[in-house]
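In what follows, a single structure is set out as structure tokens and then discussed.
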Amino acid sequence: MHDVKSVRDDPEAFDRALARRGLSPVSPEILRIDLALRTAQTALQTAQSRRNEASRQIGAAKARKDEAAAAGLMAEVEALKGDMAGMAAEEAFQAQALRALLASLPNLPADDVPEGEDETGNVELRQHGDPSSAPAGRLNRPRDHVELGERLGGMDFEAASRMSGARFVVLKNGVARLERALGQFMLDLQTREHGYTEVSPPLLVKDEAVFGTGQLPKFKEDLFVAQSIDWEGVKQRVAEMGVAWVEANQAQITPLVEDLRRTIPEDDQFQAAVQAAIEVLVDRYAAFDTDRLQGLIDSGEFTERRWLIPTAEVSLTNLVREQIIGDDQLPLRLTALTHCFRSEAGASGRDTRGMIRQHQFQKVELVSITAPERSAEEHERMVTCAETVLQRLGLAYRTMLLCSGDMGFSARKTYDIEVWLPSQGVYREISSCSNCGDFQARRMDARCKTPGEKGSRFVHTLNGSGLAVGRTLVAVLENYQDESGRIAVPEALQPYMGGLTHLEA
RNA sequence: GGAGAGGUGGCUGAGUGGUCGAAAGCACCGCACUCGAAAUGCGGCGUGCCUUUACGGGUACCGUGGGUUCGAAUCCCACCCUCUCCGCCA
């Protein structure tokens, strides 16, 4: 979320920054709405001021029993109120429009982010490790993790798809344990050695939380949603609507009833016939109104909705939402091992084989909350914390600085870490560390202040994977395989595997 | 799920529908007294927005959203949250 004031102060700079993201200028539109909003605000406040003054005078007039003066003032306020309703509506409309527009725009790239339209513009900062020195480095044709996992009896995509569909997997035996070991290892590293605080956060969160980190409102198609419907409430509403319809259509119903009265004697049979007639009418009504009913359910009036987190960044960052934190408490360094859920709606056909792109995966997330002037150095520290995981696991990787066109919505600067995958012969993203500046803090209203001093500032938020467990599992399997399909367990993981040195069928 | 209580400034806590943004206390800041400190006294002490070169002025905010009223922290409605008791439950 952007500060209107910054746009007001330097519209050209704002548009220039957006252009780096490949967006056309928006500042004229912003300034137009901003002006309309402030005009409406000033008009409304002037009217409110007069109303408040008149009301006070009415009180004073009544106190001295001057009913004539009071009546005159009341008439004036009455007239004023008519205008005020329109002004208030205009103000609310413009405020909403401005907020919606500002909320839809991505963060502005930091000055040191390279220009570029897509991933080809990313800059490699450093490489670590030699792919050929891993056990798989000696093989002519390394197997991919799907083949390795299935041969080990540890990966079952078919069973997963029978119960859940595509992009799910069942892990078993040593592979399941390896996944657990990786998660524990990463979490221990980040908490014990890098000073992150372990958190076990909610995985289901409200709209506001997902808005705060920037996935809503623009990217809801990437998310899974969980909802519970109040069926009792729906039933009650249907009944109410039925009664209302019968009342509204009394003119049709009455002749029908009278017709029945004439043709059927007044006994039980008559009662039953009337009952049947009513049921027919209600059914007809219900058939007419299913669309409206569906609309009611869709409106959320009877549904309790929660989003499944696509990353623990959402839960961890929102820990500080609507809070004012003392500068002396910062930085906050938070980590969590959680499942993540992504619908991957825009990725059909991409990475369909294997565990690279799943609807559900585990990840150790790192989040830092810092004072504004501290976020840049914290960003460097964070990417180092993520790289350490790969170093300890003995996996080759390279660190990329993303260009302006390839960054995520909320980021002002992003480092990607890519791990070597021998089966594909390429580096694949395994971590992404972003400095979001105050972009998320504004959306969440998260501030910090120096104790004893006046005023508060928006905090800076950073997030990074440390690391994605699923993709790390893939990397370990593929890099540590030998010609027979055995997997050597990296030394760092052996304590988490009960001392096991190899996975084999 | 049922019954009850409650949500007011950093905290505690008052507030007959009319100069209430809100008493009082604590905390905090400044000043005085003091060699210094404590105690005491005096003064200050919320946030957002609009407006103003500035001093300042205005407006909104007492859980949230509606409503009644010339006027709402105060009355009405809905919702959210917290606490207590009962029931159910991993």
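Scope of the values below: all heavy atoms of this structure, side chains included, with no hydrogens, waters or symmetry mates. Please read these numbers as outputs of a predicted model, since none were measured by experiment. The sequence lines fix the lettering, A, B, ..., with proteins before strands; numbering per chain opens at 1.
The side chain of A/Lys5 lies closest to B/C49, out of B/C49, B/A60, B/U59. Taking only side-chain atoms of A/Arg51, from C-beta outward, the nucleotide of B/A60, B/G18, B/C50 with the closest atom is B/A60. Nearest nucleotide to the side chain of A/Lys81, out of B/U19, B/G71, B/C50: B/G71. For A/Ser55, the side-chain atoms get nearest to B/G18 when compared with the rest of B/U51, B/U59, B/G18. Residue A/Val77 places its side chain closer to B/C70 than to any other of B/A60, B/C49, B/C70.
Pairing partner, B/G36: none, since no Watson-Crick or wobble contact has both distances short of 3.5 Å. Pairing partner, B/A14: none, since no Watson-Crick or wobble contact has both distances short of 3.5 Å. The base-pairing partner of B/A78, taking Watson-Crick or G-U wobble contacts with both distances under 3.5 Å, is B/U64. Remark: B/C89 base-pairs with no nucleotide; criterion is Watson-Crick or G-U wobble with both hydrogen-bond distances under 3.5 Å. B/G4 and B/C83 make up a base pair, with Watson-Crick or G-U wobble contacts both under 3.5 Å. The partner of B/G41 is B/C31, by the rule that a Watson-Crick or G-U pair needs both atom distances under 3.5 Å. When both distances must be under 3.5 Å, the Watson-Crick or G-U wobble mate of B/A54 does not exist. Pairing partner, B/G48: B/U59, with both Watson-Crick or wobble hydrogen-bond distances short of 3.5 Å.
A distance of about 12 Å separates the C1' atoms of B/A38 and B/C33, rounded to the whole Å. Nucleotides B/G30 and B/A37 are separated by 12 Å at their P atoms, to the nearest Å. Only the P atoms considered, B/G36 is 47 Å distant from B/C50, to the nearest whole Å. Distance check on atom P: B/U74 versus B/U68 gives 15 Å, rounded to whole Å. For the P atom pair drawn from B/G15 and B/A32, the interatomic distance equals 39 Å after rounding to whole Å. As rounded to the nearest Å, B/A22 and B/C28 have P atoms that lie 24 Å from one another. Rounded to a whole angstrom, the distance from the C1' atom of B/G13 to that of B/C26 is 11 Å. With P as the reference atom, B/G63 and B/A73 are 10 Å apart, rounded to whole Å.
No engagement by A/Arg99 is indicated, since no non-hydrogen atom pair under 4.0 Å with the nucleic acid exists. Heavy atoms of A/Leu73 sit nowhere under 4.0 angstrom from any nucleic acid atom.
A/Gln45 has its CD atom 8 Å from the C1' atom of B/U51, to the nearest Å. A/Glu91 places its CD atom 14 Å from the P atom of B/U59, with the value rounded to the nearest Å. A/Arg447 has its CZ atom 8 Å from the C1' atom of B/U47, to the nearest Å. One interatomic measurement links the two molecules: CG of A/Asn52 to P of B/G21, which rounds to 9 Å at whole-angstrom precision. B/G58 atom P lies 14 Å from atom CZ of A/Arg50, rounded to whole Å. When the C1' atom of B/C70 is taken as reference, atom CD of A/Glu76 falls 10 Å away, rounded to whole Å. The distance from atom CD1 of A/Ile58 to atom C1' of B/G17 is 13 Å, rounded to the nearest whole Å. In this entry the distance linking CZ of A/Arg305 with C1' of B/C80 reads 17 Å, nearest Å.
Under a 4.0 Å N-O distance rule, the pair A/Arg447/A/Asp445 qualifies as a salt bridge. Taking 4.0 Å as the cut-off between side-chain N and carboxylate O, A/Glu76 and A/Arg50 count as a salt-bridged pair. Between A/Arg305 and A/Asp207, at least one side-chain nitrogen of the basic residue sits less than 4.0 Å from a carboxylate oxygen of the acidic one, meeting the salt-bridge criterion.
Between A/Gln94 and the choices A/Glu90, A/Glu91, A/Gln96, the side-chain hydrogen bond (donor to acceptor under 3.5 Å, both in side chains) rule is met once, by A/Glu90.
Ranked by how close their nearest RNA chain B nucleotide is to the 5' end, A/Ser49 and A/Asp3 are led by A/Asp3. Where A/Lys206 and A/Gly59 meet RNA chain B, the nucleotide closest to each residue was compared, and A/Gly59 sits on the side nearer the 5' end.
With a 6.0 Å radius and a threshold of 12 heavy atoms from other residues, nucleotides or ligands, A/Glu221 has its CD atom above the threshold.
Between A/Cys433 and A/Asn463, the closest side-chain pair of non-hydrogen atoms is not below 4.5 Å.
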Subject >> Verdict with supporting geometry, A/Asp9 and A/Lys5, salt bridge (charged side-chain N to carboxylate O under 4.0 Å, His left out) >> reply: CA-CA 6 Å; A/Asp9 290 348; A/Lys5 281 188 205 142; over 6 Å; no
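At the phosphate of B/C49, neither OP1 nor OP2 sits under 4.0 Å from any side-chain N or O atom of A/Arg38.
Taking the six-membered ring for Trp and the full ring otherwise, A/His460 and A/Phe439 have centroids separated by 6.0 Å or more.
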